[in-house]
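What's counted below: heavy atoms across the whole structure, side chains too, no hydrogens, waters or symmetry copies. Below, chain A is the first sequence line, B the second, and so on; all start at residue 1.
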There are 2 protein chains.
Amino acid sequence: MATAARTAQDGPLTDLELGAWRGLLRVHARLVKALDANLEAAHGLPLSQYDVLVQVAGAPGERMRMCELADGVLLSRSGLTRLVDRMAKDGLLSRCACEDDARGSFACLTPAGKARLDEARSTHLAAVRELFLSEFTEDELTCLAGLWERVLPSCAGLDVCAGD
Amino acid sequence: MATAARTAQDGPLTDLELGAWRGLLRVHARLVKALDANLEAAHGLPLSQYDVLVQVAGAPGERMRMCELADGVLLSRSGLTRLVDRMAKDGLLSRCACEDDARGSFACLTPAGKARLDEARSTHLAAVRELFLSEFTEDELTCLAGLWERVLPSCAGLDVCAGD
DNA sequence: TTCGGGTAGTTGTGCTAGCAACTATATCAG
DNA sequence: CTGATATAGTTGCTAGCACAACTACCCGAA
């Protein structure tokens, strides 16, 4: 292996670059796996469904159009259709027609879905804090958040952010 | 929605926490998707296969035990078995018996695999730099790498790091 | 030597996600 | 109003992954 630290344009990644890049991949993989397992164990709720509940609960009228929801939870439309189907079958969501646009439909939070979210939220937030946020100082969090803001547009061009 | 910024132990996430956490999720999702599409378009190589090639090429003898490889590429053992199968069918890897341990087997880099990696590496590294690394100063990279180091053990307990 | 427990890897199975094709509706041009 | 194009959502199909069960083997103890 003929490797040596170059500046930053050609050749292999420097150790620093490697650390910053691979760290992201590893931390993400582990966090998501741990959080999903945690949520599933405590409330029988996959992380993907929790995400949907959070998004819908935060939307006006506690309902959201399918396409917005798909963007919000980083899923394809077909993937979302089926995810919402599963959740509707479990009573966490219901589907409602859209009055303004007959093509569209809403995913609406049911009381059961709301209750489930209320149960799960504190579990999940506690886990996020414990596994991730608690490791950082306030300054570091600020730094991180700023970095994400900066990189996001660089990646691709489809997104918006949503609240908790 | 009765939400207000709390300190950091209870209640909903502060905007700062939210930004740091969701940013990670979004940036990761977009980067991986973009990098995979890029690599696939340029060299017909999925990111998962590229990862395997990098790991194996960096290992002594250009071969690796299946279980180490599985850890290295963040995949389950069964997932890795099938991924290596596919790559072997494409001629990128070959499977070799392990002399010391008859249970084990090696995934060995073939000349074709090496060639493919050589083609793809610069494409991929350029993309990683363009989409991610280039957005940061050296100091920020140092900060990031340090943060990952710190969080990693907090998540779960299985990993080691590997070089490029 | 032989038995028991642990480890490496593969295979059966099921789930989740994406892509492409399709339907139905909206919207805009003329 | 009519036809062309775009958008929302669903469905058919397939790929990739994880879990659990299984086989084969290693290693330590008696």
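Across the protein-nucleic acid pair, A/Leu93 atom CG and D/dG9 atom P stand 14 Å apart, rounded to whole Å. Rounded to whole angstrom, the span from the CZ atom of A/Arg86 across to the P atom of C/dC15 amounts to 10 Å. Spacing between atom CE of A/Met64 and atom C1' of D/dG9 amounts to 15 Å, rounded to whole angstrom units. Atoms CZ (A/Arg77) and P (D/dA8) sit 5 Å apart, rounded to a whole Å. Nucleotide C/dG5 holds its C1' atom 12 Å from the CZ atom of B/Arg103, rounded to whole Å. The distance between atom CZ of A/Arg63 and atom P of D/dG9, rounded to the nearest whole Å, is 12 Å. Distance, A/Asp51 CG to C/dT16 C1': 15 Å, rounded to whole Å. Counting to the nearest Å, the P atom of D/dG16 and the CG atom of B/Asp85 are 12 Å from each other.
The backbone N or O of B/Pro46 lies less than 3.5 Å from no partner atom in the side chain of B/Gln49, so there is not a single donor-acceptor pair. Within the 3.5 Å criterion, the main-chain N or O of A/Leu92 finds a donor-acceptor partner in the side chain of A/Thr110.
Out of C/dA26, C/dT7, D/dT11, the shortest distance to the side chain of A/Thr81 is found at D/dT11. For B/Asp101, taking side-chain heavy atoms from C-beta onward, the closest of the listed nucleotides D/dC26, D/dT10, D/dG16 is D/dC26.
Side-chain contact between B/Asp101 and B/Arg65 is present, with heavy atoms from C-beta onward closer than 4.5 Å.
Along DNA chain C, the nucleotide closest to B/Ser105 and the one closest to A/Glu99 are compared, and the more 5′ of them pairs with B/Ser105. Both B/Ser78 and A/Leu80 lie near DNA chain C, and the one whose nearest nucleotide falls closer to the 5' end is B/Ser78.
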Full working for side-chain contact (heavy atoms from CB on, under 4.5 Å) between B/Glu140 and A/Arg150: CA-CA 12 Å; B/Glu140 288 169 335; A/Arg150 192 135 41 92; 2.6 Å; yes
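Phosphate contact (OP1/OP2 of C/dG18, side-chain N/O of A/Arg82, threshold under 4.0 Å): absent. Dashed line: the shortest gap from a side-chain N or O of B/Arg65 to OP1 or OP2 of C/dT7 is not under 4.0 Å. In terms of phosphate contacts, A/Arg95 brings no side-chain nitrogen or oxygen within less than 4.0 Å of OP1 or OP2 of D/dA8.
By the neighbour-count criterion of 12 heavy atoms within 6.0 Å, atom CD of B/Glu40 is densely surrounded, having more than that number from other residues, nucleotides or ligands.
In terms of polar N and O atoms assigned as donor or acceptor, the side chain of A/Ser76 never comes within less than 3.5 Å of the base of C/dC19 in a complementary pairing.
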